[in-house]
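Down below is the structure, laid out as structure tokens.
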2 protein chains.
Amino acid sequence: MQPIAPSSREKILETAEVLFAARGFSAVGMREVADRVGLSKSALFHHFASKLELYLAVVERILVDIDARQEAAAQPKSDAFERVWHWIEVTIDTLAENPSHARLLLRTLFEEDDVAPEDEDHLDQLLAKILRRVGQAIQEGIDRGELRPVSIPHTLQSIVGMTVYHFASGPVGEKLFGDEIYSSAQVRQRKEEVFQLLRRGLLVTID
Amino acid sequence: MQPIAPSSREKILETAEVLFAARGFSAVGMREVADRVGLSKSALFHHFASKLELYLAVVERILVDIDARQEAAAQPKSDAFERVWHWIEVTIDTLAENPSHARLLLRTLFEEDDVAPEDEDHLDQLLAKILRRVGQAIQEGIDRGELRPVSIPHTLQSIVGMTVYHFASGPVGEKLFGDEIYSSAQVRQRKEEVFQLLRRGLLVTID
DNA sequence: GTCTATACACCGATAGAC
DNA sequence: GTCTATCGGTGTATAGAC
């Protein structure tokens, strides 16, 4: 299977993803995107009718990727905490593998979207679907008496904070870890630390 | 003690804080700030020689406030976890009281700063000072055998993620909690949820 | 300190040739 | 699909009167 030459559209999306992730919507100009791709601005506007359309396409691409990875990795587990942890592990792998994903996901989560409700709804639904997976696993764990009766929204926020924020944290995070946030050793340790915290924090009985 | 009429400079800082917190550096124009304050653009540039200077002043103001509150609330505790928790509680109160603080703090933490090293250093040191407080408390708890031997940087990231991200989370967070993230009831519950998670997650022995 | 007026670069977006 | 050229608007920042 030979590498396929990426289409213009894909090259644009990849380039824009890096820029938007690093600096956000407003701080990135269409000219800069075009230059990096090696196109003129006009050619760029031929592929994406507006800057907002490009941005939304970039965000959707990331959410679809995260969703697909979780879907692909889904496996029936009898143990509720194992399911929660499996979700987190897959998510951490995804975020660690691509820092731009983490950055842009964090922006999507906390930035005010002054976007037309139509386009926003689609992304909101994708996001909700992603979060629902782990939310349901937690709920089932509680129902079965396996997990403490925590608040689902609060626990979701904690999990997002511990995963997405960590891999999105910029210079501050890099300073804390000596620029090695994404090294395999640090990713492994991140998993271990979060695992221990959540296992003790969520389980009713620790074996 | 009668309320003092805020100076122009203070009014500008307050106004800019709200705008920068909501939309970030690039998405806010000096014209908009000036209009909201009720000044002309030129008058605004008289008080702050550049947009970057205004932004840095806003961020510094927030960091100083957070630092001062923690300093004021500091009290000697024999118990290491109690000290950690006290720090978190004070921080949560500060963030919950002023959503703009949480937003802007999160931006400062994860946004790439293309700022001149001179100005950045000052803010970095303030930030480091704020984080060092809780980092040291955790370290002492570990040394005394009171807390599990967790990684300090990882635990800091988790704590920041659970506090700053939560109160900075925009529409997504509001959706999860029905627009009541900042209500006293939800703030109280946030504290309780984080407290339980960390107490179980960090302490060696749970009484 | 505040204003009006303006400089000038860059923005997103379009027109129209090839 | 890609280009050059250009539009109208806005961005930060400045000059100079009051």
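Naming convention: chains lettered A, B, ... in sequence-line order (proteins, then strands); numbering from 1 in each chain. These numbers come from the heavy atoms of this one structure, side chains and all, not from hydrogens, waters or symmetry mates.
- For B:Asp93, the salt bridge (charged side-chain N to carboxylate O under 4.0 Å, His left out) partners at least two apart in sequence or on another chain are B:Lys191.
- For DNA chain D, no neighbouring residue in residues 18-33 of chain A is found when judged by any heavy atom under 4.0 Å.
- B:Arg31 is linked by a salt bridge (charged side-chain N to carboxylate O under 4.0 Å, His left out) to B:Asp35, counting only residues two or more places apart in sequence or in another chain.
- Every pair passing ring-ring contact (aromatic ring centres under 6.0 Å, His included) that includes a residue from residues 26-72 of chain A is listed here, sequence neighbours excluded: A:Phe20-A:Tyr55, A:Phe25-A:Tyr55.
- Evaluation of the ring pair (Phe, Tyr, Trp, His ring centres under 6.0 Å) rule for A:His154 yields B:His166, B:Phe177 as partners, not counting sequence neighbours.
- A salt bridge does not link A:Glu112 to A:Arg107: none of the charged side-chain nitrogens sits closer than 4.0 Å to a carboxylate oxygen.
- B:Ser100 meets the side-chain contact (heavy atoms from CB on, under 4.5 Å) test with B:Glu17, B:Val18, B:Ala21, B:Asn98; sequence neighbours excluded.
- A nucleotide of DNA chain D counts as in contact with chain A when one of its atoms lies under 4.0 Å from a heavy atom; the first and last such, 5' to 3', are D:dG1 to D:dA5.
- Taking B:Phe110 as the reference, A:Phe110 meet the ring pair (Phe, Tyr, Trp, His ring centres under 6.0 Å) condition, with sequence neighbours excluded.
- Within residues 42-61 of chain B, the residues approaching DNA chain D are B:Ser42, B:Phe45, B:Ser50, B:Lys51, by heavy-atom distance under 4.0 Å.
- Not a single salt bridge (charged side-chain N to carboxylate O under 4.0 Å, His left out) links A:Lys41 to another residue, sequence neighbours left out.
- Partners of B:Asp179 under the side-chain contact (heavy atoms from CB on, under 4.5 Å) rule, at least two apart in sequence or in another chain, are B:Glu174.
- Residues passing the salt bridge (charged side-chain N to carboxylate O under 4.0 Å, His left out) test with B:Glu140 are B:Arg83, B:Arg144, sequence neighbours excluded.
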